[in-house]
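Notes follow the structure.
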Number of protein chains: 2
Amino acid sequence: MRTFAQIVAHYLRKQLCSHVLLTPTNLSRNKASISDLARQLGVSVSTVSRALSDKASISDATKKKVWKLAKELHYQPNHLAAGLRKGRSNLLGVMVPHIDGHFFTMVVKGIETVASKAGFNVMICQSNEDVAHERKNIETLLSAQVEGILVSLARTTRDFKHFEKVRKQEIPLVFFDRVLDGLDVSAVVIDDREGGYQATKHLIQQGYRRIAHFGGPQYLNIYKHRRQGYIDALLEAGLPVEEELVFYCDMTQEDGVRGMQQMLALRQRPDAVFSSSDFSVVGALQELKRHHLRVPTDIALVGFSNETFTSLTEPMLTSVDQRCEQMGQSAVRLFLEMRDETSSAFSPRRVVLQPDLLIRESSQRPGRRQ
Amino acid sequence: MRTFAQIVAHYLRKQLCSHVLLTPTNLSRNKASISDLARQLGVSVSTVSRALSDKASISDATKKKVWKLAKELHYQPNHLAAGLRKGRSNLLGVMVPHIDGHFFTMVVKGIETVASKAGFNVMICQSNEDVAHERKNIETLLSAQVEGILVSLARTTRDFKHFEKVRKQEIPLVFFDRVLDGLDVSAVVIDDREGGYQATKHLIQQGYRRIAHFGGPQYLNIYKHRRQGYIDALLEAGLPVEEELVFYCDMTQEDGVRGMQQMLALRQRPDAVFSSSDFSVVGALQELKRHHLRVPTDIALVGFSNETFTSLTEPMLTSVDQRCEQMGQSAVRLFLEMRDETSSAFSPRRVVLQPDLLIRESSQRPGRRQ
DNA sequence: GAAATCTATGCGTACGTTTGCGCAAATAGT
DNA sequence: ACTATTTGCGCAAACGTACGCATAGATTTC
């Protein structure tokens, strides 16, 4: 415990200093701070602060003066400081498995667009499909004091422990696309089942009867649901679900080639394929051309994701659009809602986007255009 | 000026308060701060701070205690506060014209990857190809106290005023891909001329003699340079540069269709096309197929950018790879170098990446494979 | 046995903002 | 002319962290 004399001495010293230096014009490298403005104008920092944020309690004359000098000195408000004081960083964290391909790119675009419109800056990170990275990134985002986290899970993520901290700190958490089922969290997803259903139903309507399916890893919900839609459509139409017509793979282009080879080797070939990914459709298409089979005359094709190239192939590929950009937008909106809510009643919402079947050449049976 | 009595009174009050409240365990919502740890452990904040950053001056016993409690309370360091104190935000700002398409996506991926490896968080924004947005974004990034800014210019950007502030604050500024010529700034670009040159030279080597060019807006350096490379290659081979073989457009797929129509209408058709964009190559390809002309037998095609779909078309398209990801990586590395430099000697560096011609089917004259 | 050197810790302050409270001066109400 | 009320501004306390400086005790040095 300091003695009374020490306290006094200290205070006198401080007064003295500030009197001697008087105008310690910021040496701290070419950055004007709010107190620099205050000093040069002979007003207090509070006045400057309030003037800059255009509060009513400051006279117009003073405001003008402050604004003028601020412009002259190229004053730049310090978000870190403001954030620290206000407890609001204006930062939104986003984590995706990776930033390539069409899907996540467009989601990020959607996120950035509406986030910045709402005055938020977005911080991006990639989990590289790896839980360890995911954990570390969450830590980083939390440290950065983001006001919300938007995340699409890595493939390998099974458990949820690393998100506990986020909830405990009552930071809005929104998942998109890749979600863990049965978890009580906010999320925006597309109705994958419906997508698979529509795609398959469309093929049936076009008169195709022996429809194959290329599916992805079934532990991923998106693929499971797309397959379910496929099955539902078949059953609804009274068509049999034959296991030999279903090919599971990792949905690459090469997988598509292999899948089609397998299909063509069957005694009874399919007359159409619904694939859970556009990439494997392209593979399939290439294999078909190699066999001089025509699409959609001999075999029809429908993909999923509406990748850029689907309208560039020949024939152009029918595909299910995932509304990527809208997904990003919805995710941000969900975050904003959660934030505005009385943080006590914290009911996770879930937004389900409807997929959009884009019918192109690869699935329209000639002479039967709908 | 406060009276001496006031000062003393204030100080006594303060002492009193802190004594009465003694343990004001943080009410501030479920976030443990460094001082919470300190209080619970009965040590000073400085000790905790030092323990957390594993300084040598703290005993192992104390460190252990601190770490243990930190874990228990889910302590989360506050980057804002640390940044404010240290004058280092660990934030890197990135501005791109937009985040769709292949190119910028991959650049961003590259940036994020090496930035996060260097301990930086990246803040993304889009200028939407608009100077006004660009200006506003720069302000935002500066306010966020980013330690560096990586930017690819909007198309319409002609002047440089809004970047002055950045330089004045001595914040490392690195341009990539879209740069203003003759400006003394750090930048990483690819050698577009070389790309155009190699592409054209390759066509010549394959035996094509009447080579057309689809070019983009010439006020954009990238397109100007690619065209220059095209011309250089022709001249080098002693071939004439004919204006009727050059088609200027915005490089969309539809432009490609139109361009090819124009070429096919010529009395003397070209036998190859080098396009500054893959998209217009696809358009050209479609138009050719419509006319039942074969690629590359009748007309060869070479594009630029190595878009995803170039290896999915039929025939697969030869294209110039821009090393997008590497460009992002280089940009970050350049930033890191600039930062480490004695900020006095501040010599702008420029990195020129070599493009990579990827020879695929669309340009290999049959029976003449190299 | 006193002086020098470590070792481990505490104190105070600064980083740049925002904001509740207080207080004068100017204006309004009676 | 004498209280109320407004208007305009200042004071100082936060926000959470980092770090220079001081210091008490333990250990070594001569």
Side-chain angles (χ1 to χ4, degrees), chain A residues 1-3 6-7 9-11 13-14 17-18 24 26-29 31-39 41-53 55-63 65-66 75-90 143-145, chain B residues 1-3 6-7 9-11 13-14 17-18 21 24 26-29 31-39 41-63 65-66 75-90 143-145:
Chain A
M1 174 72 76
R2 296 195 307 172
T3 68
Q6 277 177 319
I7 298 174
H10 162 69
Y11 240 74
R13 179 153 38 90
K14 187 172 172 184
C17 282
S18 74
N26 70 321
L27 315 164
S28 67
R29 195 78 80 252
K31 287 200 188 190
S33 83
I34 219 171
S35 60
D36 293 323
L37 299 189
R39 200 178 308 110
L41 287 170
V43 298
S44 73
V45 269
S46 10
T47 303
V48 176
S49 169
R50 283 189 265 252
L52 287 172
S53 38
K55 302 260 189 214
S57 64
I58 299 294
S59 73
D60 286 350
T62 315
K63 282 181 187 173
K65 279 197 304 185
V66 172
Y75 168 73
Q76 203 64 53
N78 185 328
H79 265 45
L80 293 191
L84 178 59
R85 172 64 234 244
K86 293 198 289 194
R88 295 209 35 199
S89 62
N90 272 263
S143 289
Q145 307 295 112
Chain B
M1 177 72 77
R2 298 195 306 172
T3 68
Q6 277 178 320
I7 298 173
H10 162 69
Y11 241 74
R13 180 153 38 89
K14 188 173 173 185
C17 282
S18 74
L21 301 178
N26 72 322
L27 315 162
S28 67
R29 194 78 78 252
K31 289 199 187 190
S33 83
I34 219 172
S35 61
D36 292 322
L37 300 190
R39 201 178 306 111
L41 287 169
V43 298
S44 73
V45 268
S46 6
T47 303
V48 177
S49 171
R50 283 188 268 252
L52 287 173
S53 38
D54 204 6
K55 302 262 187 212
S57 63
I58 299 293
S59 72
D60 286 351
T62 314
K63 283 182 187 172
K65 280 197 304 182
V66 172
Y75 167 75
Q76 202 63 54
N78 185 328
H79 265 44
L80 294 191
L84 179 60
R85 173 65 235 250
K86 291 196 290 195
R88 294 209 35 197
S89 63
N90 270 253
S143 288
Q145 307 296 112

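What you see is a predicted model; the values in this text were computed from it and never measured. Throughout, protein chains are lettered first and strands after them, A, B, ... in sequence-line order, and every chain is numbered starting at 1.
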Once you round it to whole Å, what is the distance between [atom2] of [N] and [atom1] of [X]?
{"X": "B:Ile58", "N": "C:dC6", "atom1": "CD1", "atom2": "P", "value": "18 Å"}
{"X": "B:Leu52", "N": "D:dC19", "atom1": "CG", "atom2": "P", "value": "13 Å"}
{"X": "B:Lys31", "N": "D:dT17", "atom1": "NZ", "atom2": "P", "value": "10 Å"}
{"X": "A:Gln76", "N": "C:dC15", "atom1": "CD", "atom2": "C1'", "value": "17 Å"}
{"X": "B:Arg88", "N": "C:dC15", "atom1": "CZ", "atom2": "C1'", "value": "15 Å"}
{"X": "B:Asp36", "N": "D:dA14", "atom1": "CG", "atom2": "P", "value": "14 Å"}
{"X": "B:Asp60", "N": "C:dA8", "atom1": "CG", "atom2": "P", "value": "8 Å"}
{"X": "A:Ile34", "N": "C:dT17", "atom1": "CD1", "atom2": "C1'", "value": "6 Å"}

Atom pairs and distances, side-chain donor-acceptor, residues 51-62 of chain B, under 3.5 Å, sequence neighbours left out:
{"unit_1": "B:Ser53", "atom_1": "OG", "unit_2": "B:Ser49", "atom_2": "O", "d": "2.9"}
{"unit_1": "B:Asp54", "atom_1": "OD1", "unit_2": "B:Lys63", "atom_2": "NZ", "d": "2.9"}
{"unit_1": "B:Ser59", "atom_1": "OG", "unit_2": "B:Thr62", "atom_2": "N", "d": "3.2"}
{"unit_1": "B:Ser59", "atom_1": "OG", "unit_2": "B:Thr62", "atom_2": "OG1", "d": "2.6"}

- Residues in side chain to side chain contact (heavy atoms under 4.5 Å, CB included) with A:Leu80, at least two apart?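 Scan of A:Leu80 (side chain to side chain contact (heavy atoms under 4.5 Å, CB included), adjacent residues dropped) gives A:Asn78, B:Leu80, B:Ser89, B:Gln145.
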- Message: Using heavy-atom distances to pick each residue's nearest nucleotide on DNA chain D, tell me which of A:Thr47 and B:Ser35 is more 5'.
- Response: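 Residue closer to the 5' terminus by nearest nucleotide: A:Thr47.
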- Message: Looking at every heavy atom in both B:Tyr75 and B:Leu37, which two are closest together, and how far apart are they?
- Response: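 B:Tyr75 and B:Leu37 have their closest heavy atoms at CG-CD1, 4.1 Å.
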Output yes when at least one side-chain N/O atom of [X] is less than 4.0 Å from OP1 or OP2 of [N], else no.
{"X": "B:Ser46", "N": "C:dC11", "answer": "no"}
{"X": "A:Ser59", "N": "D:dC9", "answer": "yes"}
{"X": "A:Lys55", "N": "C:dT19", "answer": "yes"}
{"X": "B:Thr62", "N": "C:dT9", "answer": "yes"}

Please evaluate the base of [N] for a donor-acceptor partner in the side chain of [X] within a cut-off of under 3.5 Å?
{"X": "B:Arg39", "N": "D:dG16", "value": "no"}
{"X": "B:Arg85", "N": "C:dG16", "value": "no"}
{"X": "A:Ser44", "N": "D:dC9", "value": "no"}

- Task: Hey, which sits more toward the 5' end of DNA chain C by its nearest nucleotide, A:Arg50 or A:Leu80?
- Result: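 Mapping each residue to its closest nucleotide by heavy atoms, the 5'-most match is A:Leu80.
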So [X], base contact, sugar-phosphate only, or nothing? Heavy-atom distance under 4.0 Å.
{"X": "A:Val43", "answer": "sugar-phosphate"}
{"X": "A:Ser53", "answer": "nothing"}
{"X": "A:Gln145", "answer": "nothing"}

- Among the candidates D:dG16, C:dT17, C:dT9, find the nucleotide nearest to the side-chain atoms of A:Leu84.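 The answer is D:dG16, which lies nearest to the side chain.
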- Query: Of all the choices, D:dA18, C:dT19, D:dG16, which nucleotide is nearest to the side chain of B:Asn78 once you look at every atom?
  - Reply: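 Shortest atom-to-atom distance from the side chain points to D:dG16.
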